[in-house]
Asker: 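Would you mind keeping the following structure in view while I ask a few things?
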Amino acid sequence: MSTSEKTPDFIRAIVAEETASNKWGGRVVTRYPPEPNGYLHIGHAKAICLDFGVAQEFGGQGHLRFDDTNPTKEETEFVESIKADIRWLGFDWGEHLYYASDYFEQLYLWAVELIRKGKAYVDDLSMDEIREHRGTLTAPGRDSPWRDRPVIDNLDLFARMRAGEFPDGAKTLRAKIDMAAGNVNLRDPVMYRIRHASHHRTGDAWCIYPLYDWAHGQSDSIERITHSLCTMEYEDHRPLYDWYLDALGIYHPRQIEFARLNVSHTVLSKRKLLQLVSEKIVAGWDDPRMPTLSGMRRRGYPPEAIRDFCDRIGVGKTQNLIELALLEHCVREDLNKRAPRGMAVLHPLKVVIENFPEGKVEEMEAVNNPEDATMGARKVPFARELWIEQDDFREDPPPKYFRLSPGVEVRLRYAYIIKCTGVVKNERGEVVEVHCTYDPATRGGTADRKVKGTIHWVSVQHARSAEVRLYDHLFLTLKPDESEDWKASVNPNSLERLMNCYVEPALANAAPGERFQFERTGYFCVDPDTAPGHLVFNRTVSLRDAWARLEKAETR
RNA sequence: UGCCUUGUGGCGCAACGGUAGCGCGUCUGAUUCUGAAUCAGAAGAUCGAGGUUCAAAUCCUCGCGGGGCAACCA
């Protein structure tokens, strides 16, 4: 609904315009082209939502194409995780699953064609020599001594490169463009390198592999992509993208670049993410603190919320830093209307209701989701001894504290109004038990007596114990990336494991992946570490907490 | 001292020569058996200087500032 009223971003505007002018014969075809060398993260989600979203909105088709041109870095494991993550996000490539490696033969033929046209040559320069000849950002490069090798020799040498006659790095195939170009990408870019390495899909069929620039545009062309959307760092590559297609005279898609996503309090570079995992700063790629899709899934972020987020951040060309708070807002908004409620006590404190008969149990009716009546209600057992949150009792309450304290009344959610009559302390003077009396006339729903506070609880004898993992920002700083020593700002308290929590019995059989709102504390998701007799919940995101703000403001 | 790109509230995105608007965040207040949600309201912006024009965020100059690019990575 919101999208229909929103003015389209510049990419959708271009697509709409070109659709209106029938530039592409009524087709809209996009592609998401990951390299299978790592896990997908929220930044990739932006690109995926854009690529598949645009195709969907214009009645076109989105392709998934693995850009697998570098056998030394890519693995099947990543292919599978990427497919799973994209499906989980909610997108479908239908029949259109492709691999750049499927096009190796065609690419080879086209390379031969460029050689014949005098637009490519075999170079004997070493990697270092090529770099040296390339010049610098401000100084032009120099031609390779092999640049004017006769076509016939180039043809012969290139065939022998493919045949495996030369060792790794001995020769390359280069496009003959302009060693003095201001755009460094145009200084005779390498098209093929020799790598005697086996590829995750083509095995040992090849020992020469195309580079990104040579593979990408031609793959787009083969698939008859209309709009090839990529991030800004490829902007300087567009002239080369266009050059190859024009030199070949084949179908020519339009490349459009947009700014990649940056999110506060985290890092989104594959290298850094890998470091977090390999240095065991986090538990793995799917650690709930990670900005990976697998991490967010485990944490309990719904795919709908992530898509909504990608929708709201927009698409532009300027450098951006999206506040994590926006993502959290999207998660809360989605979960608020869908997550069933439950009561759980994270930091337990025992309450004894002195005038409630020992051994007596009452069943209280609790609404499953006040936002959605169709989700029904459940029974919650109530007895003489209860667990409440330590934060919900203060022996010496500060001003505006609406919860339990000596002589003060609060409502127990869905149950009775109770009044604190006294406390029991241990030898260290800490309150270990709170004594109360209840008013039988105030049972859930009946009495309309006003009390300032309502707190949640769990019956001691019916409680199930659980482990709860609380997460905070992985980094303390807004832009950890900015610092050379980015790991210094890792939040030492980003994970807090509470081993001694109690949840209401209705939650006893929750299955991994199920999401709940624990009333007054936050949204939680059952972790796969859950085993029979051992419940584990991840806090997806806390509820907004006006009291915490107030208290924080007072302290300052 | 090359090439490409970009400057609108704290953050992100609109306004395409005609009253600068939206979302998040922040702050009030109402309401509430979740200090949640919801509702109402507030504060807060066009990088600078010149021009063109009745009128400029928008067009033109000149400054200043961000980002990217020199793998046989993608």
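Reminder, nothing fancy here: chain letters follow the sequence lines and each chain counts from 1. The figures that follow rest on heavy atoms only: side chains count, while hydrogens, waters and symmetry mates do not.
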Asker: Partner lookup for A36(B), please. Criteria are Watson-Crick or G-U wobble with both distances under 3.5 angstrom; report none if nothing qualifies.
Answerer: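 By the stated definition (distances under 3.5 Å), nothing pairs with A36(B).
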Asker: Have a look at F66(A) and say if it touches a base, only the backbone sugar-phosphate, or nothing, with a 4.0 Å heavy-atom cut-off.
Answerer: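 F66(A): no heavy atom of the nucleic acid under 4.0 Å.
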Asker: Over how many whole Å does the gap from I322(A) atom CD1 to G23(B) atom P extend?
Answerer: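 These atoms are roughly 16 Å apart.
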Asker: What nucleic acid atoms does M127(A) come within less than 4.0 Å of, heavy atoms only: base, sugar-phosphate, or nothing?
Answerer: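 Base: the residue M127(A), judged by heavy atoms under 4.0 Å, touches a nucleobase.
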Asker: Is there a Watson-Crick or G-U wobble partner for U26(B) with both distances under 3.5 Å, and which nucleotide is it?
Answerer: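 Its partner is A42(B) (Watson-Crick or G-U wobble, both distances under 3.5 Å).
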Asker: Rounded to whole Å, how long is the line connecting atom CZ of F518(A) with atom C1' of U34(B)?
Answerer: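 So the two atoms are 14 Å apart, to the nearest Å.
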Asker: Measure distances between side-chain N and O atoms of Q517(A) and base N and O atoms of U34(B), and say whether any donor-acceptor pair falls under 3.5 Å.
Answerer: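 Check passes, donor-acceptor contact within cut-off.
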Asker: For the P atoms, the ones on A20(B) and on A55(B), what distance do you get once it is rounded to whole angstrom?
Answerer: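 16 Å, rounded to whole Å.
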Asker: Taking the same atom, P, in C3(B) and in A43(B), what whole-Å distance lies between them?
Answerer: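 Looking at atom P only, C3(B) and A43(B) are 47 Å apart.
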Asker: Please give, in whole Å, the distance from A70(B) C1' to D178(A) CG?
Answerer: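 After rounding, the reported distance stands at 15 Å.
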Asker: With a 3.5 Å limit on both atom pairs, tell me what C59(B) is paired to, counting Watson-Crick and G-U wobble, or say none.
Answerer: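 Pair assignment: C59(B) / G51(B).
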Asker: Would you say the base of A36(B) and the side-chain of H456(A) have a donor-acceptor pair closer than 3.5 Å?
Answerer: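 Per atom types, no contact qualifies.
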Asker: Mind checking R341(A) for me? I need base, sugar-phosphate or nothing, with any heavy atom below 4.0 Å counting as a touch.
Answerer: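 Here R341(A) touches the bases of the nucleic acid.
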Asker: Step through it carefully: locate the ring centre of Y212(A), locate the ring centre of H216(A), and say whether they are under 6.0 Å apart.
Answerer: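 Yes; H216(A) has its ring centre under 6.0 Å from that of Y212(A).
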Asker: Salt bridge or not between R312(A) and E333(A)? Use side-chain N to carboxylate O under 4.0 Å.
Answerer: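 A salt bridge is present here (some side-chain N lies under 4.0 Å from a carboxylate O).
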Asker: Starting at atom CD of E233(A), determine the distance to atom C1' of U6(B), rounded to an integer number of angstrom.
Answerer: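 So the two atoms are 15 Å apart, to the nearest Å.
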Asker: Using a 4.0 Å heavy-atom cut-off, does K400(A) contact any base of the nucleic acid, only the sugar-phosphate backbone, or nothing at all?
Answerer: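 The answer is base, as K400(A) lies within the cut-off (heavy atoms under 4.0 Å) of a base atom.
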Asker: P atom, U46(B) versus C72(B): distance in rounded Å?
Answerer: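 My reading of the P atoms in U46(B) and C72(B) gives 46 Å.
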Asker: Does the structure show a Watson-Crick or G-U wobble partner for C64(B), both distances under 3.5 Å? Name it, or say none.
Answerer: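 Paired with G7(B).
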Asker: Given that both distances must come in under 3.5 Å, which nucleotide forms a Watson-Crick or G-U wobble pair with G21(B)?
Answerer: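 C13(B) is the nucleotide pairing with G21(B).
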Asker: Determine the contact category for T318(A): base if any of its heavy atoms lies under 4.0 Å from a base atom, sugar-phosphate if only primed atoms, P, OP1 or OP2 are that close, otherwise nothing.
Answerer: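 Touches sugar-phosphate only.
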Asker: Mind checking P34(A) for me? I need base, sugar-phosphate or nothing, with any heavy atom below 4.0 Å counting as a touch.
Answerer: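 The residue P34(A) makes no contact with any strand.
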Asker: Pick from R147(A), K119(A), K176(A): which one makes a salt bridge (Lys or Arg N to Asp or Glu O under 4.0 Å) with D188(A)?
Answerer: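 The residue from R147(A), K119(A), K176(A) that satisfies salt bridge (Lys or Arg N to Asp or Glu O under 4.0 Å) with D188(A) turns out to be R147(A).
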Asker: Using a heavy-atom cut-off of 4.0 Å across all strands, would you classify S126(A) as base, sugar-phosphate, or nothing?
Answerer: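 If one applies the 4.0 Å heavy-atom cut-off, S126(A) turns out to touch a base.
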Asker: For A71(B), does the glycosidic angle fall within 90° of 0 (syn) or outside that (anti)?
Answerer: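 A71(B): syn.
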Asker: Got more than 12 heavy atoms from elsewhere within 6.0 Å of CH2, W486(A)?
Answerer: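 Atom CH2 in W486(A) is crowded, with more than 12 foreign heavy atoms closer than 6.0 Å.
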Asker: For K83(A), does the NZ atom sit with more than 12 other heavy atoms under 6.0 Å from it, leaving out its own atoms?
Answerer: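 Buried by this count: over 12 neighbours within 6.0 Å.
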Asker: If you take all heavy atoms of V458(A) and M343(A), which pair is closest and at what distance?
Answerer: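 That would be CG2-O, 3.7 Å.
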Asker: Looking only at atom C1', what distance separates G63(B) and G29(B), rounded to whole Å?
Answerer: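 Those two atoms are separated by 47 Å.
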Asker: How many Å lie between CD1 on I417(A) and P on U34(B), as a whole number?
Answerer: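 So the CD1-P distance, I417(A) to U34(B), works out to 12 Å.
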Asker: Would you mind classifying the nucleic acid contact of R312(A) as base, sugar-phosphate or nothing, using non-hydrogen atoms under 4.0 angstrom?
Answerer: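 The answer is sugar-phosphate, as R312(A) gets under 4.0 Å only of primed atoms, P, OP1 or OP2.
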Asker: Could you tell me the separation between the CZ atom of R134(A) and the P atom of C73(B), rounded to a whole number of Å?
Answerer: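 Rounding to the nearest Å, CZ of R134(A) and P of C73(B) are 11 Å apart.
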Asker: Of D68(A) and W547(A), whose nearest nucleotide on RNA chain B comes first from the 5' end?
Answerer: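 On the 5' side of the pair lies W547(A).
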Asker: How far, in whole Å, is G51(B) from A57(B) if one measures between their P atoms?
Answerer: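 Nearest-Å result for A57(B) against G51(B) at atom P: 15 Å.
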Asker: Report the distance from atom CZ of F258(A) to atom P of G67(B), rounded to the nearest whole Å.
Answerer: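 Rounded to the whole Å, the gap is 20 Å.
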Asker: Heavy-atom nearest nucleotide on RNA chain B for L412(A) versus E323(A): which residue maps closer to 5'?
Answerer: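 Checking each residue's closest nucleotide, the 5'-ward one belongs to E323(A).
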Asker: Examine the side chains of E328(A) and Y301(A) and answer whether a donor and an acceptor come within less than 3.5 Å of each other.
Answerer: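 On atom types as modelled, these side chains do not qualify, holding no pair under 3.5 Å.
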Asker: Please report the distance separating the P of G10(B) from the corresponding atom of C47(B), rounded so that it comes out in whole Å.
Answerer: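 One P to the other, the span is 12 Å.
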Asker: Ignoring hydrogens and angles, are the base of G68(B) and the side chain of D236(A) linked by a donor-acceptor pair under 3.5 Å?
Answerer: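 Such a pair exists between side chain and base.
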Asker: Kindly assign one of parallel, tilted or perpendicular to the pair F356(A) and F382(A), based on the angle between their ring planes and the thresholds 30° and 60°.
Answerer: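 Geometry flag for F382(A) against F356(A): perpendicular rings.
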Asker: Taking the minimum atom-to-atom distance to the side chain of V184(A), which one of C72(B), U34(B), G2(B) wins?
Answerer: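 It is G2(B).
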Asker: Using atom P of each nucleotide, how far apart are C64(B) and A49(B) to the nearest Å?
Answerer: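 Each nucleotide's P atom is 15 Å from the other's.
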Asker: In whole Å, measure the gap between the P atoms of G12(B) and G68(B) for me.
Answerer: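 Going atom to atom, P in each nucleotide, I get 15 Å.
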Asker: Send over the distance from K46(A) NZ to C13(B) P, rounded to a whole Å.
Answerer: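 Going from NZ in K46(A) over to P in C13(B) covers 7 Å.
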